J.: 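Let me give you the structure first, and then I'll get to my questions.
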Amino acid sequence: KAGVTQTPRYLIKTRGQQVTLSCSPISGHRSVSWYQQTPGQGLQFLFEYFSETQRNKGNFPGRFSGRQFSNSRSEMNVSTLELGDSALYLCASSFGGDQPQHFGDGTRLSIL
Amino acid sequence: TQLLEQSPQFLSIQEGENLTVYCNSSSVFSSLQWYRQEPGEGPVLLVTVVTGGEVKKLKRLTFQFGDARKDSSLHITAAQPGDTGLYLCAGVRGTSYGKLTFGQGTILTVHP
């Protein structure tokens, strides 16, 4: 059974650029959540999408946005990149409700 | 201030020793999940606990959810080098199932 797939695995950008990260959930999962992981702050929730609607949002600036498509695949976009955006971005999917989240291996974003 | 306080942050032990990791909060959680993460990979779900006072065992790992659903613990018996990794507790508040609140994590190193 295929797990959560995130692409690309690694990305290098410079300040001011924008980036789009992709997440393909486990087949049948309709909820997709995004997290940022850094050594200093740990894992922090960005947002969750369910059936193409944003259902929850974390405390991140508006430069961070996302969307979900009808096939449940999700993308996350970060505009006007800053050095502090360097992190591992993790995507997790679930069936929704009280079902547990399953994580992908993340996209490592480095800002120069 | 972290909503979920996880301790200790670092644990270095010898093979065969026992250990306990704690996850504490002043808030009530609907459920609490424990994950293990290895370098370069996403967190892997170990267990979900949902009922106050619940105890779950997974081979040498024992998970407990506090009676008031504000705290949890992970106990490993006779640790092995293969147990080395980052252990994370994560909670769900209310019905925000797609939004996990994570503890800071415990880096466990088991020496042969």
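Being a predicted model, the structure only gives us computed values, none of them experimental. The chains referred to below are lettered A, B, ... by the order of the sequence lines, with proteins before strands, and numbering in each begins at 1.
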J.: Please classify the contact between A/L90 and chain B as side chain, backbone, both or neither, with a heavy-atom cut-off of under 4.5 Å.
T.: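 Contact with chain B is through the side chain of A/L90 alone.
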J.: How many angstroms lie between atom CZ of B/F102 and atom OH of A/Y35, to the nearest 0.5 angstrom?
T.: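 It is 5.5 Å, given to the nearest 0.5 Å.
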J.: Under a single-linkage definition using a 4.5 Å side-chain heavy-atom cutoff for Ile, Leu, Val, Met, Phe, Trp and Tyr, are B/F10 and B/L86 assigned to the same hydrophobic cluster?
T.: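 Hydrophobic grouping puts B/F10 with B/L86.
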J.: Between A/Q37 and B/Q37, is there a side-chain donor-acceptor contact under 3.5 Å, judged purely by atom types and distance?
T.: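 A/Q37 and B/Q37 do have a side-chain donor-acceptor pair below 3.5 Å.
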J.: Has the side chain of A/Q101 got a donor or acceptor atom that lies under 3.5 Å from a matching backbone atom of B/Y97?
T.: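 Such a contact is found between A/Q101 side chain and B/Y97 backbone.
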J.: Applying the 4.5 Å side-chain criterion to the ILVMFWY set and letting contacts propagate, would B/V49 and B/L74 be lumped into a single cluster?
T.: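 Yes; B/L74 is reachable from B/V49 via cluster members.
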J.: With a cut-off of 6.0 Å (strictly less than), are more than 12 heavy atoms of other residues, nucleotides or ligands near CZ of A/R73?
T.: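 Count over threshold, so yes.
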J.: With chain A as the partner, which of B/S96, B/G42, B/G98 has the greatest number of non-hydrogen pairs under 4.5 Å?
T.: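 Most heavy-atom pairs within the cutoff with chain A belong to B/G98.
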J.: Sort out for me which of A/S93, A/S33, A/G97, A/S94 touches chain B most, counting heavy-atom pairs under 4.5 Å.
T.: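 That would be A/G97.
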J.: How far apart are the C-alpha atoms of A/D98 and B/V50, what are their side-chain angles, what is the distance that settles it, and do they pass the side chain to side chain contact (heavy atoms under 4.5 Å, CB included) test?
T.: CA-CA 9 Å; A/D98 62 355; B/V50 298; over 6 Å; no
J.: According to a hydrophobic-cluster definition based on side-chain heavy atoms being under 4.5 Å apart (Ile, Leu, Val, Met, Phe, Trp, Tyr only), do A/V32 and A/I26 belong together?
T.: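 Each belongs to a different hydrophobic cluster.
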J.: CZ/A/F103 to CG/B/L100 distance, rounded to the nearest 0.5 angstrom?
T.: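 The distance works out to 5.5 Å.
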J.: Could you look at A/R9 and say if it's the side chain, the backbone, both or neither that has a heavy atom under 4.5 Å from chain B?
T.: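 Interface part for A/R9: side chain.
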J.: Under a 4.5 Å side-chain heavy-atom rule over Ile, Leu, Val, Met, Phe, Trp and Tyr, are B/V55 and B/I76 clustered together?
T.: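 Different clusters.
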J.: For B/E41, is it the side chain, the backbone, both or neither that has a heavy atom under 4.5 Å from a heavy atom of chain A?
T.: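 For B/E41, backbone and side chain are both near chain A.
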J.: Crowded around A/N71 CG? As in, over 12 foreign heavy atoms under 6.0 Å?
T.: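 Enclosed: over 12 neighbouring heavy atoms sit under 6.0 Å from CG of A/N71.
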J.: Verify the cluster assignment for A/F60 and A/Y89: are they in a single hydrophobic cluster under the rule of side-chain heavy atoms below 4.5 Å apart?
T.: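 Yes, same cluster.
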J.: Using a cut-off of 6.0 Å, state whether more than 12 heavy atoms not belonging to A/K57 lie near its atom NZ.
T.: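 Yes, NZ of A/K57 has more than 12 neighbouring heavy atoms, counting only those of other groups under 6.0 Å.
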J.: At a 4.5 Å cut-off on heavy atoms, which part of A/L46 comes close to chain B: side chain, backbone, both, or neither?
T.: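 No part of A/L46 comes within 4.5 Å of chain B.
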J.: Could you tell me whether the side chain of B/Q104 and the main chain of A/G42 form a donor-acceptor pair under 3.5 Å?
T.: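 Not at all, since once roles are kept as given, no pair shorter than 3.5 Å links the two residues.
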